[in-house]
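Below is one structure, written out as structure tokens; the observations come after it.
Quick note on labels: first sequence line is chain A, next is B, and so on, each numbered from 1. Since the structure is predicted, the reported quantities are computational estimates derived from the model, not experimental observations.
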Protein chains: 2
Amino acid sequence: MARPRKPLLSRDRIVEAASALVDAEGLDAVSTRRLAAELGVSGPSLYNHFRNKDEILDAVADAVSAQVDLSMFEESDPRDWPAALHDWAVSYRAALSAHPHIVPVLAQGPGRRPAGLRVADAVFGAMVRAGWPHAQATYIGALMRYFITGSALGSFARGFVDDETAYDPADYPHLGQAHLLADRRQQVDEGAFETGLRALLDGLALQYEQTVATGTASSGTAGVTVRHSPNRS
Amino acid sequence: MARPRKPLLSRDRIVEAASALVDAEGLDAVSTRRLAAELGVSGPSLYNHFRNKDEILDAVADAVSAQVDLSMFEESDPRDWPAALHDWAVSYRAALSAHPHIVPVLAQGPGRRPAGLRVADAVFGAMVRAGWPHAQATYIGALMRYFITGSALGSFARGFVDDETAYDPADYPHLGQAHLLADRRQQVDEGAFETGLRALLDGLALQYEQTVATGTASSGTAGVTVRHSPNRS
DNA sequence: ACCTGAACACCGTTCAAGT
DNA sequence: ACCTGAACACCGTTCAAGT
């Protein structure tokens, strides 16, 4: 069985199998031999479709980026940019949370990945339409990505170990044992993400008021359009 | 030379050599054999001092965390918490930027790493002293870490490739070629970090006013103590 | 206690050979 | 064009042996 008349592999099939493997067993479980076996071929076959293993993992990461919803940037009023950013951030985080093991790859800059670049491009375009100067629009895309990928990667939930004896209260007087319970940790992640996202958007709205809204054709000067509730408690 | 009378290795010596190797050639360059060779011993010797390779990399990451300045949380007025958070964030980012290759390890939650936990503990304690409820103080420590590690990890500067043909303007209409120049990229990282940090702190100050300052013994109700300049442009 | 060499079960990648 | 087995130069880790 040297060359079959119909190709056994395709880039899509490889990415699909790699994604499943990453999700099920983590990044370390992906070896070219193991992945090939999962696809019923021998190891070197993969090199007919990808230049190397890193390119496969990049494609897996990009498939996740492709699932990020970008529709809010086209559909809504450009002046609702905080609401659009909010919804986008939530969708982005949801996509990453569904595939936590690939986040380390995805977090390392957009690189050459098309879907990652498409995301960056959409945010930038929407911020420019909202009236932000080009430089600031770029910053916003970057800083939002920092926060979102950082939260998906450095989650409290994954960071701690389920061994209570590992954290001596004498060493960390403020880190109560309560933080170390598994379900409490997930609460921390949710709360920290929501709190941080709200702060980020409120802070950006403040900068918008001070630099963009004043002196442009923008309708009202006060309150901008902070759609997301500024405080929920 | 089976066992020398004076040990050839120590945890510190191993961590030092591993740090140097990571900084010079990246994470992939660190193999137990290579690291051992650098130290003048054979591969398996390392296992007398660390349980496995991951523990070595954890120790390298923790050594970076240990360089983060925490003095601002003890020295300054607790009500100056935004200024303290700001200075801490800058110091944290500087420490990570000096050792970019280990950030992926460090970003994956504080885990068992003592210095990482000490950082989390210091921030939490300072926020509680500033009057934040325990839950919010935890969130602040987590969300700041998200942003800082995210910015160190997903930097624009490292994310792009120095091959102009890789980015067809037809595919990404808003991503101007100017963004793709190496020095421009570093500007983006700096600007995005500063803009994001300012937004984060402004937004948190807003939440502080609305939830903490009102109804407590806090001195003034308006303005809190936003030391960092709210706008520099 | 702390180092060694040998060994085990793996890796990523290249390449000539097959159709 | 697309798959194969063989081969190369590596891995992380275990373990008996040495002092």
Side-chain angles (χ1 to χ4, degrees), chain A residues 1-22 24-62 101-102 104-105 108 111-113 161, chain B residues 1-22 24-62 101-102 104-105 108 111-113 161:
Chain A
M1 194 231 280
R3 166 160 128 83
R5 52 186 40 155
K6 194 157 187 296
L8 296 173
L9 292 179
S10 69
R11 286 178 66 98
D12 281 350
R13 243 171 68 68
I14 293 170
V15 171
E16 209 167 335
S19 297
L21 193 51
V22 168
E25 305 188 32
L27 223 38
D28 287 346
V30 183
S31 75
T32 55
R33 284 174 166 88
R34 171 78 192 278
L35 176 57
E38 218 85 35
L39 286 159
V41 299
S42 82
S45 307
L46 302 171
Y47 290 83
N48 285 299
H49 303 269
F50 288 93
R51 241 197 297 273
N52 53 43
K53 185 184 160 183
D54 275 357
E55 266 196 8
I56 299 178
L57 292 179
D58 267 354
V60 171
D62 212 41
H101 291 129
I102 198 66
V105 174
Q108 310 235 35
R112 292 178 177 277
R113 297 188 296 272
V161 191
Chain B
M1 195 231 280
R3 164 161 128 82
R5 51 186 42 153
K6 198 164 182 291
L8 297 173
L9 292 179
S10 70
R11 287 179 65 99
D12 280 351
R13 243 170 70 66
I14 293 170
V15 170
E16 210 167 334
S19 296
L21 193 51
V22 168
E25 305 188 32
L27 266 185
D28 288 347
V30 182
S31 74
T32 55
R33 282 174 169 87
R34 171 78 190 279
L35 176 57
E38 218 85 34
L39 285 159
V41 298
S42 82
S45 308
L46 302 172
Y47 290 83
N48 284 300
H49 303 269
F50 288 93
R51 241 198 297 272
N52 52 43
K53 186 184 160 183
D54 276 356
E55 266 196 9
I56 298 177
L57 292 179
D58 268 354
V60 171
D62 212 41
H101 291 129
I102 197 66
V105 175
Q108 309 235 37
R112 292 178 175 276
R113 297 190 296 271
V161 190

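- The side chain of B:Pro44 lies closest to C:dG5 when the candidates are C:dG5, C:dT14, C:dG12.
- Comparing C:dC11, C:dC2, D:dA6 by their closest approach to the side chain of B:Asn48 singles out C:dC2.
- The side chain of A:Leu8 approaches D:dC3 more closely than any other nucleotide in the set C:dG5, C:dT13, D:dC3.
- The side-chain hydrogen bond (donor to acceptor under 3.5 Å, both in side chains) contacts involving residues 8-21 of chain B comprise nothing, where partners must be two or more places apart or lie in separate chains.
- Listed nucleotides C:dC3, D:dC11, C:dC15 differ in distance to B:Leu9; the shortest reach to its side chain belongs to C:dC3.
- Between the P atom of C:dT14 and the CZ atom of A:Arg33 lies a distance of 13 Å, rounded to the nearest Å.
- Listed candidates were D:dT13, C:dG12, D:dT4. Nearest to the side chain of A:Ser31 is C:dG12.
- Summarising the geometry of B:Ala29 relative to B:Leu21, their closest heavy-atom pair is O-CD2, 3.9 Å, with the distance given to 0.1 Å.
- Counting heavy atoms from C-beta on, the side chains of B:Phe50 and B:Thr32 never come closer than 4.5 Å.
- Atom CD in A:Glu55 sits roughly 15 Å away from atom P in C:dG12 (whole-Å rounding).
- Nearest to the side-chain atoms of B:Pro4 among the listed nucleotides C:dC2, C:dT13, D:dC3 stands C:dC2.
- Residue A:Tyr47 places its side chain closer to C:dG12 than to any other of C:dG12, C:dA6, D:dC11.
- Out of D:dG12, C:dC3, D:dC3, the shortest distance to the side chain of A:Pro7 is found at D:dC3.
- Counting any heavy atom pair closer than 4.0 Å across all strands shown, A:Ser45 reaches a base atom.
- Atom CG of A:Leu27 sits about 5.5 Å away from atom CG of A:Leu57, to the nearest 0.5 Å.
- Pairing partner, C:dA16: D:dT4, with both Watson-Crick or wobble hydrogen-bond distances short of 3.5 Å.
- For A:Lys53, the listed nucleotide lying nearest its side chain is C:dG12; candidates were D:dT13, C:dG12, D:dC3.
- Between B:His101 and B:Val22, the shortest heavy-atom contact is ND1-O, 3.1 Å.
- B:Leu46 has its CG atom 17 Å from the P atom of D:dC15, to the nearest Å.
- Nucleotide C:dC11 holds its C1' atom 15 Å from the CG atom of A:Leu27, rounded to whole Å.
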